[in-house]
Amino acid sequence: MPELPEVETVRRTLEPVVVGQTIERCEIYYERVLPHARSSEFCGSVANRTITGVGRRGKYLIFALDRELDLVVHLRMTGQLIYQPTRELPLPKHVSARFWFLDNGELRFVDQRKFGTIYLVARDDYSEIHGLYTLGPEPLSSEFIWKVLAAGVQSMRAIKAVLLDQTKIAGLGNIYADEVLHRAGIHPLKPGCLLTESEIKILHKSIVSVLNEAIACHGTTIRDYRTGSGDTGNFQNQLQVYRQTGKPCGKCGVLIERIKAGGRSTHFCPRCQRWDPECTD
DNA sequence: CGGACAACCTGGTTGC
DNA sequence: TGCAACCAGGTTGTCC
């Protein structure tokens, strides 16, 4: 579920309410939420630590704890990280973990499909978290200039598959890869290495603008995604192609089509995103 | 290298 | 209404 805009929204909504809070204790309800630790040792390490900051890299949320520890969370498909100001009961279904704060409320990790994961590592040492360790450039950082994208895109693979590859660029998922390609007017199956310089520049602009607009809308709620306050996002109302199969394209009116690319459902406008495999361009 | 696919889970939707 | 098949925002691993 959550891609960069959703994770960034969770970060922004949690930061003001959890920074400065001390974790009194935590409880793990689904053991496999901790791929690298047992709940007993994890909870022991986390107890009595204070959260000093909330960061993000790609789709990873990183809670900085005092004494040089990082608590890293990946929400995968259906994970929700929600701050509850009061210790209310009953608990919703599918709670993977709870963190109780000394003074106020608790942080709940709710995850219907149970794919979400939590790690505890030494500050900035991500060598044990493969996906984070191998993560590509951060698209909203100042280092992400079009030439960085151009280098990442040099592949025979379909550009859609390249955009989903977190080692090439961090944070895009199925929704925003489709939206970005539509805005850039690029066919999702076109091999990345065949993109022209002007196409890469347009793609670069589209990535930055789509992500920023989605963040401004607090992300896209298809079903499960919630902000750190438990609210839905709004960008689902702005989607141009994702899950819009059979609806008219907002630019040209031609009906949106759905295909498979990179093993995922892919939505595009056959007029705005043309590519002829026989043509050299 | 890349592509296809299964696995990890639960639950909603679709079609018969 | 019942039930099976298929689908889902992500990532990892295996096999070819």
Side-chain angles (χ1 to χ4, degrees), chain A residues 1-10 28-36 56-61 72-81 92-97 109-119 126-136 152-181 188-194 210-211 214-215 217-227 232-246 258-267:
Chain A
M1 143 186 67
E3 306 179 29
L4 188 153
E6 289 74 37
V7 179
E8 176 61 20
T9 300
V10 172
I28 303 299
Y29 297 84
Y30 181 64
E31 197 69 24
R32 292 165 78 167
V33 76
L34 307 171
H36 295 167
R56 179 191 58 75
R57 261 290 273 148
K59 301 171 191 171
Y60 291 85
L61 268 176
V72 179
V73 178
H74 198 300
L75 303 172
R76 299 289 177 112
M77 299 283 268
T78 56
Q80 305 171 339
L81 212 42
K93 264 187 169 184
H94 313 303
V95 179
S96 287
F109 189 16
V110 183
D111 186 12
Q112 180 192 109
R113 291 179 72 179
K114 301 181 174 171
F115 293 165
T117 45
I118 304 175
Y119 309 85
Y126 304 136
S127 56
E128 289 173 25
I129 309 174
H130 180 258
L132 181 51
Y133 196 63
T134 59
L135 204 55
V153 135
Q154 296 311 315
S155 162
M156 290 294 290
R157 303 157 77 197
I159 184 61
K160 166 77 184 269
V162 176
L163 292 182
L164 291 176
D165 183 341
Q166 302 297 299
T167 69
K168 301 288 187 261
I169 173 173
L172 290 178
N174 212 30
I175 297 176
Y176 298 111
D178 282 4
E179 292 298 312
V180 157
L181 287 171
L189 293 180
K190 186 168 183 174
C193 60
L194 293 188
V210 166
L211 291 178
I215 290 171
C217 288
H218 309 302
T220 302
T221 297
I222 301 297
R223 173 174 300 155
D224 300 293
Y225 162 68
R226 297 292 183 276
T227 73
T232 62
N234 298 299
F235 197 72
Q236 62 274 15
N237 304 316
Q238 317 286 322
L239 295 176
Q240 298 297 300
V241 287
Y242 182 77
R243 288 201 173 187
Q244 307 299 308
T245 312
R258 185 169 90 147
I259 57 172
K260 281 274 185 209
R264 312 290 299 280
S265 270
T266 297
H267 315 74

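All chains are named by letter (A, B, ...) in the order of the sequence lines, taking the proteins before the strands, and each is independently numbered beginning at 1. Below, each value reflects all heavy atoms present in this structure, side chains not excepted, and no hydrogens, waters or symmetry copies.
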**Student:** Can you name the residues that form a side chain to side chain donor-acceptor pair (under 3.5 Å) with A:S127, not counting sequence neighbours?
**Tutor:** A:D125
**Student:** Which whole number of Å gives the distance between the P atom of C:dG9 and that of B:dT14?
**Tutor:** 15 Å
**Student:** Side chain of A:R76 only, please: which of C:dT11, C:dG9, B:dG2 is the nearest?
**Tutor:** C:dT11
**Student:** Can you sort out the partners of A:R57 under salt bridge (charged side-chain N to carboxylate O under 4.0 Å, His left out), two or more places apart, ordered by chain and number?
**Tutor:** A:E138
**Student:** Look at the side chain of A:R56 and the backbone N and O of A:G58, then say whether any donor-acceptor pair between them is shorter than 3.5 Å.
**Tutor:** yes
**Student:** Side-chain N or O of A:R264 less than 4.0 angstrom from OP1 or OP2 on C:dG10?
**Tutor:** yes
**Student:** 5'-most contact on DNA chain C: A:I129 or A:Y242, nearest heavy atom basis?
**Tutor:** A:Y242
**Student:** Dot-bracket for DNA chain C, please. Rules: Watson-Crick or G-U, both distances under 3.5 Å, ( ) within the strand, [ ] when a pair crosses earlier ones, | for another strand, . otherwise.
**Tutor:** .|||||||.|||||||
**Student:** Return no unless some side-chain N or O of A:S265 is found under 4.0 Å from OP1 or OP2 of C:dC7.
**Tutor:** no
**Student:** Give the nucleotide from the list C:dT11, B:dG2, C:dG9 with an atom nearest to the side chain of A:H74.
**Tutor:** C:dT11
**Student:** Is the backbone of A:M77 close enough, under 3.5 Å, to the side chain of A:D224 for a donor and an acceptor to pair up by distance?
**Tutor:** no
**Student:** In whole Å, measure the gap between the P atoms of C:dA5 and B:dA6 for me.
**Tutor:** 14 Å
**Student:** Please give, in whole Å, the distance from B:dG2 C1' to A:K168 NZ?
**Tutor:** 11 Å
**Student:** What string of B, S and - do you get for nucleotides 9-15 of chain B 5' to 3' if you count protein non-hydrogen atoms under 4.0 Å?
**Tutor:** BBSS---
**Student:** Using modelled atom types only, decide if a donor and an acceptor are shared between the side chain of A:E179 and the backbone of A:L239 within a distance under 3.5 Å.
**Tutor:** no
**Student:** Indicate, with a heavy-atom threshold strictly under 4.0 Å, whether A:G263 touches base, sugar-phosphate, or nothing.
**Tutor:** nothing
**Student:** Could you give the distance separating B:dC5 and C:dC6 at their C1' atoms, to the nearest angstrom?
**Tutor:** 16 Å
**Student:** Think A:K260 has a side-chain N or O under 4.0 angstrom from the OP1 or OP2 of B:dG3?
**Tutor:** no
**Student:** Tell me, please, which residues at least two apart from A:Y60 pass side chain to side chain donor-acceptor pair (under 3.5 Å).
**Tutor:** none
**Student:** In a check of side chain to side chain contact (heavy atoms under 4.5 Å, CB included) between A:P188 and each of A:L163, A:T266, A:V241, which one passes?
**Tutor:** A:T266
**Student:** Taking 4.0 Å as the cut-off, does a side-chain nitrogen or oxygen of A:Q166 come that near to OP1 or OP2 on C:dT11?
**Tutor:** yes
**Student:** Indicate yes or no for a side-chain donor-acceptor contact from A:T78 to the backbone of A:D111 under 3.5 Å, with no hydrogens or angles considered.
**Tutor:** no
**Student:** Which residue pairs satisfy the salt bridge (Lys or Arg N to Asp or Glu O under 4.0 Å) criterion with at least one member in residues 153-163 of chain A, sequence neighbours excluded?
**Tutor:** A:R157-A:D165, A:K160-A:D178
**Student:** Quote, to the nearest angstrom, the P distance that separates B:dC9 from C:dG2.
**Tutor:** 29 Å
**Student:** Can you check the A:K59 NZ to C:dT12 P distance for me, whole Å?
**Tutor:** 10 Å
